[in-house]
Amino acid sequence: MMNELLAIVIVVVFVVLALAHVYWAVGGRITWLAVVPEVRGRPAFTPSAPATFVVAVALFACAGLVAATAGVLAIPVSPSVLTWLTFALALVLLLRAVGDFKLVGFFKRVRGTNFAHLDTVIYSPVCLALSLGVFVVAWGS
């Protein structure tokens, strides 16, 4: 029961993140929210609408994977495959929290930008929390 509840919370977070990416892919803008790393006050890259939509699809897939692993969603995939994929997702989220040692993650070198601040206090901690939660869901499956 607790594993299912944790999975549902994680699924909701992934769905909210996916919907935010859909919003951005169709042209939505939230000016106060720095979502792209910056270098010398300029965005490190400009994400295209199709690439942003692909990220949204991947986030929806993560939600489905966690739900299926916890038994909340039935899909025709072996439980052992689901478990290993979920452990892999936990690892990917942990790696995102640790970062690339330059622009993102707890160990980034570029600091002092709006994105860097939000990454330190929100984005990386959320990735770490998701990683731990996803790991627990995989372990409990």
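Counting begins at 1 with the first residue of the sequence.
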Pair [X], [Y]: side-chain N/O donor-acceptor within cut-off below 3.5 Å:
{"X": "Lys108", "Y": "Thr120", "answer": "yes"}
{"X": "Ser141", "Y": "Thr69", "answer": "no"}
{"X": "Ser124", "Y": "Arg96", "answer": "yes"}

Applying the 4.5 Å side-chain criterion to the ILVMFWY set and letting contacts propagate, would [X] and [Y] be lumped into a single cluster?
{"X": "Val15", "Y": "Val9", "answer": "no"}
{"X": "Val134", "Y": "Val126", "answer": "yes"}
{"X": "Val136", "Y": "Leu94", "answer": "no"}
{"X": "Ile8", "Y": "Met2", "answer": "no"}
{"X": "Phe107", "Y": "Val104", "answer": "no"}

- Can you tell me if CZ on Arg111 sees more than 12 non-hydrogen neighbours from other groups inside 6.0 Å?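 Enclosed.
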
- Could you give all pairs that pass the ring pair (Phe, Tyr, Trp, His ring centres under 6.0 Å) test and reach residues 39-77, with sequence neighbours left out?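 Ring pair (Phe, Tyr, Trp, His ring centres under 6.0 Å) check on residues 39-77 returns no pairs.
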
What is the distance from atom [atom1] of [X] to atom [atom2] of [Y], rounded to the nearest 0.5 Å?
{"X": "Leu85", "Y": "Ser80", "atom1": "CG", "atom2": "OG", "result": "9.5 Å"}
{"X": "Asp119", "Y": "Asn114", "atom1": "CG", "atom2": "CG", "result": "12.5 Å"}
{"X": "Leu130", "Y": "Leu89", "atom1": "CG", "atom2": "CG", "result": "8.5 Å"}
{"X": "Leu93", "Y": "Ile10", "atom1": "CG", "atom2": "CD1", "result": "9.0 Å"}

Kindly give the heavy-atom pair with the smallest separation between [X] and [Y], and that separation in Å.
{"X": "Ala70", "Y": "Glu4", "result": "O-CG, 3.7 Å"}
{"X": "His21", "Y": "Leu17", "result": "ND1-O, 2.8 Å"}
{"X": "Ala44", "Y": "Val39", "result": "CB-CG2, 4.1 Å"}
{"X": "Leu103", "Y": "Val110", "result": "CD2-CG2, 3.6 Å"}
{"X": "Ser131", "Y": "Ala90", "result": "OG-O, 2.7 Å"}
{"X": "Gly64", "Y": "Leu73", "result": "O-CD2, 3.8 Å"}

Within the 4.5 Å heavy-atom criterion, are [X] and [Y] side-chain neighbours or not?
{"X": "Val36", "Y": "Phe115", "value": "no"}
{"X": "Val22", "Y": "Thr52", "value": "no"}
{"X": "Pro125", "Y": "Phe106", "value": "yes"}

- Tell me, with the steps shown, if Leu19 and Trp24 meet side-chain contact (heavy atoms from CB on, under 4.5 Å). CA-CA 9 Å; Leu19 290 173; Trp24 293 322; over 6 Å; no

- Query: Would Leu82 and Ile75 count as a side-chain contact (heavy atoms from CB on, under 4.5 Å) if you check the C-alpha gap in whole Å, the side-chain angles of each, and the deciding distance to 0.1 Å?
  - Reply: CA-CA 10 Å; Leu82 289 173; Ile75 62 171; 3.7 Å; yes

- Item | Remaining members of the apolar cluster that contains Trp139, side-chain heavy atoms under 4.5 Å | Trp84, Phe87, Phe135

- Task: Assess whether side-chain contact (heavy atoms from CB on, under 4.5 Å) is satisfied between Tyr123 and Val35, documenting all intermediate values.
- Result: CA-CA 9 Å; Tyr123 308 148; Val35 295; 3.8 Å; yes

